[in-house]
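In this chain, numbering begins with 1 at the start of the sequence shown. Heavy atoms only: backbone and side chains are in, while hydrogens, waters and symmetry mates are out.
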Amino acid sequence: MSADRSPSAEPIPAEPIPAEPSLVEDVLLLLFQPDSGTIAGENILYYVLGGAAVADLALTGAVDVDDTRLFARPVSTTADERPADELLAPVWDYLQKKPRDVQTVLAAIGPNLREPTLERLVARGELRAETRKTLGVFSSTHYTLGGDRRARLLDAVRAALVDGANPDARTAALAGLLSASDTLPWFDREIPWTSAVYTRGKAFEQGDWGAAAAASAVARTVLAGVASSLVIAGVVSSRP
């Protein structure tokens, strides 16, 4: 596949690790289910992680979205400096070549994000990785929770979705990504799955971020594009 069609599939270096976790890390950490060691929404994970990466760049002003078009909303870079975070840098490289529609971006960058993001979470101590063998031959990696960041993130998202608290932009983006990925029902024990939670989640998807909205117009547009792309691609339901 040519460099113009997709970002590099080479392994993303584990170092250096930025002090502040990326939105991609936080989304994957939230989707991790401690009781089973699985990841909610695994079948559409690359769309969600790709959306988180673009939203993260939008929150820092590194990308912009042309929202003047009725359907396609091309994403392009605005910052001249390549991001230092090696999870996000390949995404920026891909977008710098030329503006891309959100759905195209998700399909191109998402598949390369799962493994390096898991490695980053293990390196931070938020997850623990254990290699197991089946029948003494086949190896697989089993993950368990290692830190408390997931609990803190979940508290903030639950406050926004259940209690109607006014979130910051990152929390609003996390809530919107969980809703857009159709995974909120997985959190029923931690975030009660009610009609009110569904409605608030959809509002976050579409950029209704309350006080956080004013400083995050691009990120809100990105997230709305992510949500629309997931429905168009048929990977999530559009149930009312």
Side-chain angles (χ1 to χ4, degrees), residues 10-57 59-60 83-91 109-134 136-162 165 167-193:
E10 295 178 0
I12 298 176
E15 296 291 345
I17 298 178
E20 179 68 20
S22 67
L23 198 63
V24 185
E25 294 172 66
D26 283 347
V27 167
L28 185 52
L29 185 58
L30 276 172
L31 290 173
F32 177 74
Q33 303 295 296
D35 290 344
S36 62
T38 60
I39 299 172
E42 183 76 72
N43 61 317
I44 59 166
L45 186 62
Y46 74 92
Y47 275 99
V48 182
L49 296 183
V54 180
D56 202 328
L57 292 172
L59 285 171
T60 61
D85 189 334
E86 288 299 331
L87 275 177
L88 302 178
V91 181
I109 66 177
N112 299 332
L113 287 169
R114 182 187 188 277
E115 294 308 316
T117 305
L118 283 170
E119 291 172 5
R120 177 75 66 81
L121 290 170
V122 170
R124 289 191 188 277
E126 297 300 338
L127 294 179
R128 299 190 187 97
E130 176 188 354
T131 301
R132 296 180 177 179
K133 285 192 175 182
T134 304
V137 178
F138 304 104
S139 296
S140 62
T141 303
H142 179 74
Y143 295 95
T144 55
L145 203 58
D148 63 356
R149 183 171 178 82
R150 183 181 185 276
R152 288 185 280 115
L153 291 171
L154 194 59
D155 284 345
V157 171
R158 182 172 53 240
L161 289 173
V162 177
D168 59 23
R170 283 179 64 89
T171 301
L174 286 171
L177 284 163
L178 291 184
S179 178
S181 65
D182 223 17
T183 56
L184 278 175
W186 285 64
F187 294 83
D188 188 42
R189 290 175 56 188
E190 300 162 306
I191 300 175
W193 182 233

Is the backbone of [Y] close enough, under 3.5 Å, to the side chain of [X] for a donor and an acceptor to pair up by distance?
X: Arg158; Y: Ile191; result: no
X: Asp168; Y: Thr171; result: yes
X: Arg128; Y: Leu145; result: yes

Go through the steps for Leu113 and Leu28 under the test side-chain contact (heavy atoms from CB on, under 4.5 Å), then give the verdict.
CA-CA 10 Å; Leu113 287 169; Leu28 185 52; over 6 Å; no
From [X] [atom1] over to [Y] [atom2], what is the distance, rounded to the nearest 0.5 angstrom?
X: Leu23; Y: Leu177; atom1: CG; atom2: CG; value: 6.0 Å
X: Asp26; Y: Leu29; atom1: CG; atom2: CG; value: 6.5 Å
X: Glu119; Y: Ile17; atom1: CD; atom2: CD1; value: 10.0 Å
X: Leu49; Y: Asn112; atom1: CG; atom2: CG; value: 11.0 Å
X: Thr141; Y: Leu127; atom1: OG1; atom2: CG; value: 11.5 Å
X: Ser22; Y: Leu87; atom1: OG; atom2: CG; value: 5.0 Å

Would Val157 and Val162 count as a side-chain contact (heavy atoms from CB on, under 4.5 Å) if you check the C-alpha gap in whole Å, the side-chain angles of each, and the deciding distance to 0.1 Å?
CA-CA 8 Å; Val157 171; Val162 177; over 6 Å; no
Search all heavy atoms of [X] against all heavy atoms of [Y] and return the closest pair with its distance.
X: Trp186; Y: Thr38; value: CZ3-OG1, 4.4 Å
X: Val91; Y: Ala53; value: CG2-CB, 4.0 Å
X: Phe32; Y: Tyr143; value: CZ-O, 3.4 Å
X: Leu184; Y: Trp193; value: CB-CZ3, 3.5 Å
X: Val122; Y: Ala129; value: CG2-CB, 4.0 Å
X: Ile44; Y: Ser181; value: CD1-O, 3.1 Å

Show the numbers, then the answer: is there a side-chain contact (heavy atoms from CB on, under 4.5 Å) between Glu20 and Arg170?
CA-CA 12 Å; Glu20 179 68 20; Arg170 283 179 64 89; 4.2 Å; yes
Kindly indicate, with the supporting measurements, whether the criterion side-chain contact (heavy atoms from CB on, under 4.5 Å) is fulfilled by Ile39 and Leu45.
CA-CA 8 Å; Ile39 299 172; Leu45 186 62; 4.1 Å; yes
Does any donor atom in the side chain of Gln33 or Ser36 lie under 3.5 Å from an acceptor atom in the other side chain?
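Looking only at side-chain atoms, Ser36 and Gln33 do not form any donor-acceptor pair under 3.5 Å.
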Kindly indicate whether the side chain of Arg120, heavy atoms from C-beta on, has any atom under 4.5 Å from the side chain of Asp85.
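The answer is yes, as the side chains (C-beta and beyond) meet within the 4.5 Å cut-off.
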Around atom CZ of Arg189, are there more than 12 heavy atoms of other residues, nucleotides or ligands at under 6.0 Å?
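No - once you tally the heavy atoms of other residues, nucleotides and ligands closer than 6.0 Å, there are 12 at most.
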Qualifying residues under side-chain hydrogen bond (donor to acceptor under 3.5 Å, both in side chains), relative to Asp188, sequence neighbours excluded
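side-chain hydrogen bond (donor to acceptor under 3.5 Å, both in side chains) check on Asp188 returns nothing, list empty.
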Evaluate the criterion salt bridge (charged side-chain N to carboxylate O under 4.0 Å, His left out) for residue pair Arg150 and Glu190; output intermediate values, then yes/no.
CA-CA 12 Å; Arg150 183 181 185 276; Glu190 300 162 306; 3.1 Å; yes
Salt bridge between Arg124 and Glu25, side-chain N to carboxylate O under 4.0 Å?
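Counted as a salt bridge, because a side-chain N and a carboxylate O are separated by less than 4.0 Å.
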